[in-house]
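Residue numbers start from 1 in every chain, and the chains themselves are labelled A, B, ... in the order their sequence lines are given, proteins ahead of strands.
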Amino acid sequence: MSKIEKKPLVAAIVGPTATGKTDAAVSLCLALGGEAISMDSMQIYQRLTIGTAKPTPEEMRGVPHHLLSFVPPDTPYTVQEYQRDARAKMTDVLARGNLPVFVGGTGLYLQAVSRPLNFAQAGETSTVRECLQHEAETSGGPEALHCRLASVDPETAARLHVNDIRRVIRALEVYETTGTPMSAGRTEWDADSAEDWAIFALSWPREVLYTRINQRVDIMLQRGLLNEVESLLRSGLSPETQAMRAIGYQEFVAYFQGHCTLEDAVGRVKMNSRRYAKRQMTWFRRDARVQWISLDQYNEPEAVHQAIIGRVRTLQEERQ
RNA sequence: GCCUUGGUAGCUCAGUCGGUAGAGCAGUAGACUGAAAAUCUACGUGUCGGUGGUUCAAUUCCGCCCCAAGGCA
């Protein structure tokens, strides 16, 4: 009997959009006594239902789901909040003796919850941000901002491209509201976590994936995505909010504002979804912990689910 | 049937006063540590519709053919 310290086992189902993550996660939960924790930056929002492909009660099949629809659509939400909320949910699920099953496609959220990344407390950033944004557009442009960052936080400035204004501004905000540079206390990406993570990424060949994405957008429209967007706008929600920048929303906002035809908007939702899926692939390919599941090697979803369940069960047995 | 205008990258098109060609979009790859469905970076060879001719050399000029759009009958 070796006295290996036992870390709790945590599972995650990731991968690009439209691969059947939800279904796989629910099956895993049902088989092994798990609870699902969403890892999706847009499904957190209330009233963004159809366009975010939020799981329906039927799809949940009685399995508890956490971190869905708990933020009002006009409220910003950040990675460090997700880290805090998700780790709290994970702890709860473990305390109940259940298996936490994270499910979603937001790569940064996976890092935040599964790596010991340090986020120090920051103050109110909105006014600072407005100032900096204004500055980027007028006076010195992106170069001036980048220069300024280099003088207070050379390490972060060195790894950010001058044109990546968003990140440059974020780094400056952190410095100005906390007084310490973002690079202070920075953790390595591959730092060990306090849990053992079994991460599965679902993937289709590119051509199949793109066909599925296009079809899914058509289905969302049939389910009433246009009405959903229109009703959000009618209730006074600003198109500038984080929630309305989601794919499937920003494009139809442009349509309702008369900037493009419906056909153009639908085409751009499909295009942006394809690009997003590609970025998701890039993100998960980089993570050495990820076990890839090639869906074209299985005849039916049930076989995929059984394969994942089998692997997790083996891990559970190994640690007993 | 005749006339006109087109046919060049996956798409929309530019261009070569004759020396085998380049933009935008799409696409591909990558980055990502306090907004992430966000944000940013890099990457451009294709029988220049087909076929004959002129020429040292034709995608470019000329002939014929095919296809598309418009006009006339």
Distances for protein N/O vs nucleotides 41-44 of chain B N/O pairs under 3.5 angstrom?
residue : atom : partner : partner atom : Å
B:U41   : OP1  : A:N163  : ND2          : 2.6

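If you take atom C1' in B:A58 and the same atom in B:G53, they sit 11 Å apart, rounded to whole Å. Here, B:G7 and B:U47 have their P atoms 16 Å apart, quoted to the whole Å. Nucleotides B:A36 and B:A23 place their C1' atoms 31 Å apart, quoted to the nearest Å. Across the C1' atoms, B:U51 and B:C66 are found 10 Å apart, a figure rounded to whole Å. Rounded to a whole angstrom, the distance from the P atom of B:A21 to that of B:C3 is 35 Å. Nucleotides B:C67 and B:G50 are separated by 15 Å at their P atoms, to the nearest Å. B:G27 sits 47 Å from B:A73 when the P atoms are compared, rounded to a whole Å. The C1' atoms of B:A14 and B:G46 are separated by 15 Å, rounded to the nearest whole Å.
Stems are defined here as 3 or more consecutive Watson-Crick or G-U wobble pairs with pairing distances under 3.5 Å; those involving RNA chain B are B:1-7 with B:66-72, B:10-13 with B:22-25, B:27-31 with B:39-43, B:49-53 with B:61-65.
Among A:V10, A:L9, A:T91, the one residue that satisfies the side-chain contact (heavy atoms from CB on, under 4.5 Å) test with A:P100 is A:V10.
When the ring-ring contact (aromatic ring centres under 6.0 Å, His included) test is applied to A:Y109, the partners found at least two apart in sequence or on another chain are A:Y82. For A:Y45, there are no ring-ring contact (aromatic ring centres under 6.0 Å, His included) partners two or more places apart in sequence or in a different chain. For A:T314, the side chain to side chain contact (heavy atoms under 4.5 Å, CB included) criterion is met by A:E318, not counting sequence neighbours. Annotation: side-chain hydrogen bond (donor to acceptor under 3.5 Å, both in side chains) contacts of A:H66 (sequence neighbours excluded): A:E35. With sequence neighbours left out, A:S203 forms a side-chain hydrogen bond (donor to acceptor under 3.5 Å, both in side chains) with no residue at all. The side chain to side chain contact (heavy atoms under 4.5 Å, CB included) check on A:T52 picks up A:M42, A:Q43, A:L48, A:K54, A:Y249, with sequence neighbours excluded. Partners of A:T180 under the side-chain hydrogen bond (donor to acceptor under 3.5 Å, both in side chains) rule, at least two apart in sequence or in another chain, are A:T178. Residues meeting the side-chain hydrogen bond (donor to acceptor under 3.5 Å, both in side chains) test with A:D196, sequence neighbours left out: A:R319.
If you take CD1 of A:I44 and C1' of B:A38, they are 13 Å apart, rounded to a whole angstrom. One atom, CD1 of A:I169, and another, C1' of B:A38, lie 13 Å apart when rounded to the nearest Å. Taking atom CG of A:L48 as the reference point, atom P of B:A36 lies 13 Å away to the nearest angstrom. Whole-Å rounding puts the A:Y109 OH to B:A38 C1' distance at 10 Å. In this structure, NZ of A:K270 is placed 17 Å from C1' of B:G10, rounded to the nearest angstrom. Between the OH atom of A:Y45 and the C1' atom of B:A38 there is a distance of 11 Å, rounded to whole Å. At whole-Å resolution of the value, CZ in A:R268 and C1' in B:C25 are 13 Å apart.
Between A:R167 and A:D164 there is a salt bridge, since at least one side-chain N of the basic residue sits less than 4.0 Å from a carboxylate O of the acidic one. Between A:E251 and A:R268 there is no salt bridge, since none of the side-chain N atoms of the basic residue sits less than 4.0 Å from a carboxylate O of the acidic one. Using a cutoff of 4.0 Å between basic side-chain nitrogens and carboxylate oxygens, A:K270 and A:D218 are scored as salt-bridged. Salt-bridge formation is not detected for the pair A:D40/A:K21: no Lys NZ or Arg NE/NH1/NH2 atom is positioned less than 4.0 Å from an Asp or Glu carboxylate oxygen.
The residue among A:V79 and A:N272 whose nearest nucleotide of RNA chain B lies closer to the 5′ end is A:V79.
Among the protein residues, A:N118 comes within range of no part of the nucleic acid, since none of its heavy atoms lies under 4.0 Å from any strand. Heavy atoms of A:T187 sit under 4.0 angstrom from at least one base atom. A:T17 comes within 4.0 angstrom of nothing in the nucleic acid, heavy atoms only.
Of all the residues in residues 229-256 of chain A, A:Q242, A:R245, A:A246, A:I247, A:Q250 reach under 4.0 Å from RNA chain B with at least one non-hydrogen atom.
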Nucleotide by nucleotide, nucleotides 27-32 of chain B touches protein heavy atoms under 4.0 Å in the pattern (B base, S sugar-phosphate only, - none) SBBSBB
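A donor-acceptor contact closer than 3.5 angstrom links the side chains of A:R289 and A:S114. A:S183 and A:D153 share a donor-acceptor pair across their side chains, judged by distance under 3.5 Å alone.
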